[in-house]
Structures are given as C-alpha cells and as structure tokens.
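The figures here come from the full heavy-atom set of this structure, side chains too, leaving out hydrogens, waters and symmetry mates.
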Amino acid sequence: MSVTFEVLEKDIAGRTGRLKAGDKTVRTPLLLPVINPHLQPVLPGEMKAMGAEGIITNAYIFSRSSEYREQALASGLHDLLGFDGLIMTDSGSFQLSVYGDVEITNLETLEFQKAIGSDIHVPLDIPTPPDADRMRATEELAVTMERLCEAKEVFGPDAPLAGPVQGGIFEDLREKAGREAGKLGFSFCPIGAVVPLMESYRYPDLVRVVMAAKKGLPSSACIHLFGAGHPAMFALAVAMGCDVFDSAAYALYAKDGRYLTPQGSYRLNELAELPCACRVCRDYSAQEIRESDDVIRLLSLHNLAVSLAEISGIRQAITEGTLWELVDDRCRSHPQLLRGFRELLKYGERLAGEDRISKRRFFYRGDESCQRTEVVTYQDRLSRLPVSGRVLIAMDGSMREGYDTLLLFKPPFGPYHPAMSETFPIGQSEIPDWDKGMVTRGCRGILRLIAENPGCHFTVYSRPEWHDLICQELPGTEVYCGNS
Ligand code: GUN
Ligand code: ZN
C-alpha cells in the first residue's frame with residue numbers, strides 16, 4: 001500500500017529511480033500530466049500510449065462535480081478516466097490558494113481520495129504565496145504540519161500519502177518543514193507554492209526554496225515539484241533533486257496558442273516551421289494547425305510530447321552522467337533561467353557531496369563550468385595527491401629534470417599526476433583553448449596543493465601567454481616561462 005522510492009542512478013543531486021504506490025510502479029524523473037475532466041484536450045489513455053506512466057488530477061473537482069462524483073465513487077478513478085497507470089490526486093489546496101476558501105476538510109478530502117481509488121493522496125496543505133510575511137508563513141506552515149500529522153494518525157503509516165512542504169520563501173521554514181515531513185515518515189514529498197515563483201520567472205528564488213527544502217528532507221524521499229510544467233526548467237529542477245513534475249502547462253499553453261519547446265515557447269502565430277519530430281509536427285504544417293478546428297488538441301499533443309521527451313532526455317543524461325551539460329544548455333534559453341543556474345552553482349560544495357565520482361565526460365562550456373561539482377570534488381581531493389620534495393607543475397606540458405615529483409596541469413581542475421591522465425575527470429574532459437576563468441580556477445587547485453604540503457617546494461612552468469595571470473594567482477610561488 002505505502003509509497004516507496006528506490007534511487008537507481010545519480011547525477012549532481014538528480015537521480016533516476018523507481019516509485020511504487022499501491023500496485024503501480026513508475027520510473028522517475030516522472031511527468032504527471034494534469035487531467036481536468038471538464039475540459040480535457042487529450043484523453044488519459046492516449047497519454048499512456050505517448051509514454052505517460054502517471055497522471056494527476058484534482059479530487060476536489062470530482063467531489064464537487066454532479067457529473068462525475070458518483071461515478072468516481074462507484075467505479076474508481078482508473079476506470080472513469082480509462083487510465084491504468086499511476087493516478088495521483090491533489091486536494092483542494094490549489095483552489096484554496098486561488099479562491100481563498102474551500103468547503104472541505106483535510107479528512108474529508110483524504111477520505112474521498114481514498115474512496116475513488118487514487119494511488120497517491122495529498123492532504124489539504126496551505127500553499128503560502130511568496131509575498132507572505134514570516135508570521136503568516138509560520139502560522140500557515142503550522143496548520144499544514146498539523147494536517148500532515150492528522151493524515152498519518154487517521155490513515156496509518158502505510159497509507160499512500162504525500163507530505164507537502166510549505167514555508168513561503170523563508171529558507172529556514174522550508175528546511176524545517178522538510179525535516180518534519182521526513183520525521184513523520186513521508187516518503188513522497190511535494191514542494192509546494194512554487195507556481196507563483198515560476199510564473200514570474202523568479203528562478204533564483206525557486207532554487208533557494210527547493211535547496212532549503214531538500215536540505216531538511218531525507219535524501220531517500222521522492223520529491224515532487226508541485227505545478228512545475230515547463231520543459232525548459234525540468235533539467236534544473238532535477239539537478240536539485242526533484243523527481244516528479246506535474247504539467248498543466250501542456251494544456252494551458254495550448255489554450256493560449258503557445259507551442260512549447262525545451263528551449264522556451266513560441267506563439268503558434270510566429271512559427272513558419274515546426275521544429276519538432278512528434279506526430280503532430282510531422283503530419284501538419286504550422287499553417288494547418290493554426291487553421292484547424294482542433295488547434296488546442298493538436299497543440300496539447302505536441303506540448304505533451306516534447307515535455308515527455310524532455311523527461312526521457314533527462315533520464316538518459318543521468319544514466320550517462322551528463323546532466324550538467326543538459327542543465328547548461330536549457331538554462332541558456334532564458335536570462336532568468338541562467339540566473340537560476342548560477343544560483344544553483346553557488347551550492348557547489350553541497351551538491352558535490354551528493355554527486356557521483358565518475359562520469360562519461362565533462363564538456364567545458366564557459367565560466368559556469370568552473371563551478372561544477374566535478375571541479376569542486378577534484379580540488380577537494382587534491383590533498384590525497386602524493387607529492388614530495390621538489391615539485392614541478394609543468395603547465396606548459398614539458399617535463400624537466402631535477403624534481404622529485406612531476407605534475408601536469410589541466411584547467412579548470414588543476415594539477416594532476418601523469419598516471420591520472422586516463423582517469424575521470426582529467427581523461428574525460430573536453431577543454432577548448434584555455435581561457436582566463438578556467439586557468440584562474442585551476443590555480444586554486446595549485447594553491448590547495450601547496451597549502452596541504454608545506455614541506456615541499458613548488459616550481460611552476462607556464463606558457464608565456466599565461467605567465468602574468470599565473471604569477472598573480474600564485475603569489476609567492478616560483479613561476480617560470482616555458483618555451484612551448
Ligand atoms: N499545486 C500547485 N501548488 C500546490 C501546493 O502548494 N499544494 C497543493 N496541494 N497543490 C498544489
Ligand atoms: Zn511536435
């Protein structure tokens with residue numbers, strides 16, 4: 001009955017995993033398309049065929065619907081929706097945050113979600129908006145936590161319950177909320193009330209909120225980012241350790257005449273071509289979609305296809321250890337996403353502790369790459385590099401006589417022993433012509449090594465063009481100009 005989560009592979013703080021709820025097993029990262037029974041442009045059964053292993057719908061809508069309430073109670077959601085994958089239901093919390101009031105209690109919505117056969121139930125949490133002050137955020141979080149306790153007490157430790165994490169924009173509250181949800185035994189935790197941050201492109205705030213919640217949450221919990229539906233931000237969120245997304249965006253954007261791509265969205269009106277390989281985009285021209293009576297459905301099908309494909313690409317990137325490259329790609333499509341990416345890079349030390357040690361490759365993409373976890377980890381491990389006596393760091397690549405230890409240099413990592421030239425990251429990193437940022441970062445590695453080995457004497461040979469920068473970065477070190 002209970003919800004279990006098993007991590008299979010890791011990359012940055014992201015992971016591929018297996019989520020089990022009831023008798024359903026799904027792969028993560030996972031996208032749950034949002035189903036609205038009243039206006040559904042794509043049928044749940046069609047979504048399954050497109051690769052959606054789960055869906056999410058709002059129990060509150062069913063409970064208030066004269067059309068569907070009885071049917072949902074009588075035959076269950078899977079039957080009613082024609083979907084045999086995982087079905088998660090949300091409570092009335094979203095309505096609560098939008099309309100201010102719902103006529104349902106925490107226990108009523110949970111009873112109803114259970115009665116209609118939902119695979120994951122959500123208590124009636126209070127989504128505290130980002131503009132709420134600390135007092136309001138604290139009070140609302142206390143109510144949310146009481147409801148999570150109540151849910152566990154009434155339905156038992158093995159009920160398939162989600163434990164939403166609230167706390168507004170206050171990082172300490174988010175962390176505390178995450179820790180308490182973990183202590184209460186929730187193994188599936190949505191991070192809530194982030195929709196307003198995403199709608200206003202406040203990605204740096206989103207990163208801070210998610211990283212704070214993750215700090216408190218157990219690493220074994222499956223993390224759902226509530227309301228995150230734009231494929232351009234999935235990679236960034238996965239890198240922080242989010243496992244599940246729900247997308248209403250595919251339908252909302254379609255209704256608004258917008259065409260999603262993993263690099264951002266276009267208005268259908270401004271597209272002369274359809275840069276996508278999905279069925280719709282191969283069967284129709286942009287002009288034909290615009291003129292079709294079914295424009296919302298066609299756009300929804302496309303939007304969903306690219307969202308699901310992005311999730312597949314992310315799973316593949318994690319498997320091969322290239323998630324940073326994907327995050328870097330995606331976050332360059334919007335300046336605010338780039339700000340979010342840069343905010344995430346500030347957590348380099350913490351992320352390095354979660355990241356795996358060996359990957360398929362490291363492609364240098366500019367200054368941001370200097371702060372990647374692989375660089376942090378490499379430099380943290382430099383204290384283990386065996387050096388003694390007179391140490392030569394041949395930054396120009398030429399070995400010389402008269403030294404006890406011979407080292408080479410690869411920016412942005414730093415010094416390495418020739419025997420490491422085939423090992424990760426030295427052997428698997430693709431570095432273009434040196435630039436100032438990577439050389440500066442690599443010099444930090446040299447400084448670490450010098451600091452760790454006070455008994456050694458270090459001599460650096462640099463190429464002439466880098467001599468001045470290296471002297472500046474390594475004050476007090478003997479730096480000569482090589483000839484190469
Ligand atoms: N959907 C989007 N955000 C939220 C949230 O914070 N809580 C719940 N229950 N549903 C949401
Ligand atoms: Zn398409």
Side-chain angles (χ1 to χ4, degrees), residues 18-59 61-62 65 68 71-72 75-90 94 113 116-120 122 190 222 224-232 234 238 243-256 258-262 265 274 276-284 289 292 294-316:
R18 219 185 331 252
L19 175 69
K20 289 189 186 173
D23 59 350
K24 306 294 189 311
T25 301
V26 293
R27 294 174 298 162
T28 66
L30 171 74
L31 177 66
L32 303 170
V34 174
I35 304 294
N36 181 339
H38 293 303
L39 28 107
Q40 194 50 44
V42 183
L43 295 174
E46 292 178 280
M47 293 179 174
K48 187 92 193 289
M50 291 170 74
E53 296 177 33
I55 55 177
I56 181 168
T57 190
N58 197 308
I61 297 179
F62 284 89
S65 160
Y68 296 117
Q71 208 186 332
S75 50
L77 268 188
H78 293 83
D79 214 53
L80 173 58
L81 295 176
F83 188 83
D84 61 4
L86 182 144
I87 304 183
M88 175 172 171
T89 44
D90 199 354
F94 185 68
Q113 293 177 59
I116 60 179
S118 152
D119 295 307
I120 299 181
V122 179
C222 184
H224 174 178
L225 193 61
F226 249 145
H230 198 299
F234 291 164
V238 168
D243 307 291
V244 177
F245 304 92
D246 62 276
S247 173
Y250 77 95
L252 295 175
Y253 276 69
K255 255 175 250 153
D256 200 26
R258 286 194 286 172
Y259 180 96
L260 290 179
T261 81
S265 39
L274 299 177
C276 168
C278 87
R279 269 288 296 280
V280 169
C281 297
R282 293 308 95 204
D283 287 352
Y284 296 80
I289 295 182
S292 163
D294 258 350
V295 54
I296 294 178
R297 173 175 157 78
L298 293 174
L299 271 181
S300 295
L301 281 167
H302 157 82
N303 288 345
L304 196 56
V306 296
S307 302
L308 290 165
E310 180 66 3
I311 294 287
S312 298
I314 289 171
R315 286 200 297 250
Q316 174 64 21

Problem set entry | Leu80 side chain reached by Phe62 side chain, heavy atoms, under 4.5 Å | yes

Exercise. What distance separates Asp119 CG from Asp23 CG, expressed to the nearest 0.5 Å?
Worked result: 6.5 Å

For this session: Using atom types as modelled and distance alone, determine if a side-chain donor or acceptor of His78 lies under 3.5 Å from a backbone N or O of Gly85.
Result: yes

For this session: Verify, without hydrogens or angle tests, whether Asp90 (side chain) and Asn58 (backbone) share a donor-acceptor contact under 3.5 angstrom.
Result: no

For this session: Start with the C-alpha gap between Ser65 and His38, add the side-chain angles, then the distance that decides, and say whether side-chain contact (heavy atoms from CB on, under 4.5 Å) holds.
Result: CA-CA 9 Å; Ser65 160; His38 293 303; 3.8 Å; yes

Exercise. Do the side chains of Glu53 and Leu86 get nearer than 4.5 Å, heavy atoms only?
Worked result: no

Exercise. Does any non-hydrogen side-chain atom of Leu260 lie less than 4.5 Å from one of Ser265?
Worked result: yes

Exercise. Between CD1 of Ile311 and OG1 of Thr28, what distance do you get to the nearest 0.5 Å?
Worked result: 9.5 Å

Exercise. Between Ile56 and His224, is any pair of side-chain heavy atoms under 4.5 Å apart?
Worked result: yes

Exercise. Where the side chain of Asp246 meets the backbone of Gly227, is there a donor-acceptor pair that is under 3.5 Å apart?
Worked result: yes

Problem set entry | Derivation and outcome, side-chain contact (heavy atoms from CB on, under 4.5 Å), residues Gln316 and Ser312 | CA-CA 6 Å; Gln316 174 64 21; Ser312 298; over 6 Å; no

Problem set entry | Minimum heavy-atom distance between Ala254 and Ile296, given as atom pair plus value | CB-O, 3.6 Å

Exercise. Between the main-chain N or O of Val34 and the side-chain N or O of Tyr250, is there a donor-acceptor pair closer than 3.5 Å?
Worked result: yes

Exercise. Should the heavy atoms of other residues, nucleotides or ligands under 6.0 Å from OH of Tyr68 be counted, would the total exceed 12?
Worked result: yes

Exercise. At what distance, to the nearest 0.5 angstrom, does CE of Met88 lie from CD of Gln113?
Worked result: 8.5 Å

Exercise. Quick one: does Leu77's side chain get under 4.5 Å of Thr89's, heavy atoms only?
Worked result: yes

Problem set entry | Arg297 (side chain) donor-acceptor with Val42 (main chain) under 3.5 angstrom | no

Problem set entry | NZ-CD1 distance between Lys24 and Ile120, expressed to the nearest 0.5 angstrom | 11.0 Å

Exercise. Nearest heavy-atom pair of Leu39 and Lys255: which atoms, and what distance?
Worked result: CD1-NZ, 3.3 Å

For this session: Tell me, with the steps shown, if Cys278 and Leu301 meet side-chain contact (heavy atoms from CB on, under 4.5 Å).
Result: CA-CA 9 Å; Cys278 87; Leu301 281 167; over 6 Å; no

Problem set entry | Side chains of Cys276 and Thr261 in contact at under 4.5 Å (non-hydrogen atoms) | no

Problem set entry | Non-hydrogen atoms of Ile55 and Met47 that approach each other most closely | CG2-SD, 4.1 Å

Exercise. At their closest point, which heavy atom of Val306 faces which heavy atom of Asn303, and how far apart are they?
Worked result: CG2-O, 3.3 Å

For this session: To the nearest 0.5 Å, tell me how far Glu310 CD sits from Phe245 CZ.
Result: 9.5 Å

Problem set entry | Spacing of Leu298 atom CG and Leu274 atom CG [to the nearest 0.5 Å] | 10.5 Å

Problem set entry | Which atom of Ile35 lies closest to which atom of Leu81, heavy atoms considered | CG2-CD2, 4.2 Å

Seminar exercise, completed: All heavy atoms of Phe234 vs all of Ser307, minimum pair found to be CE1-O, 3.9 Å

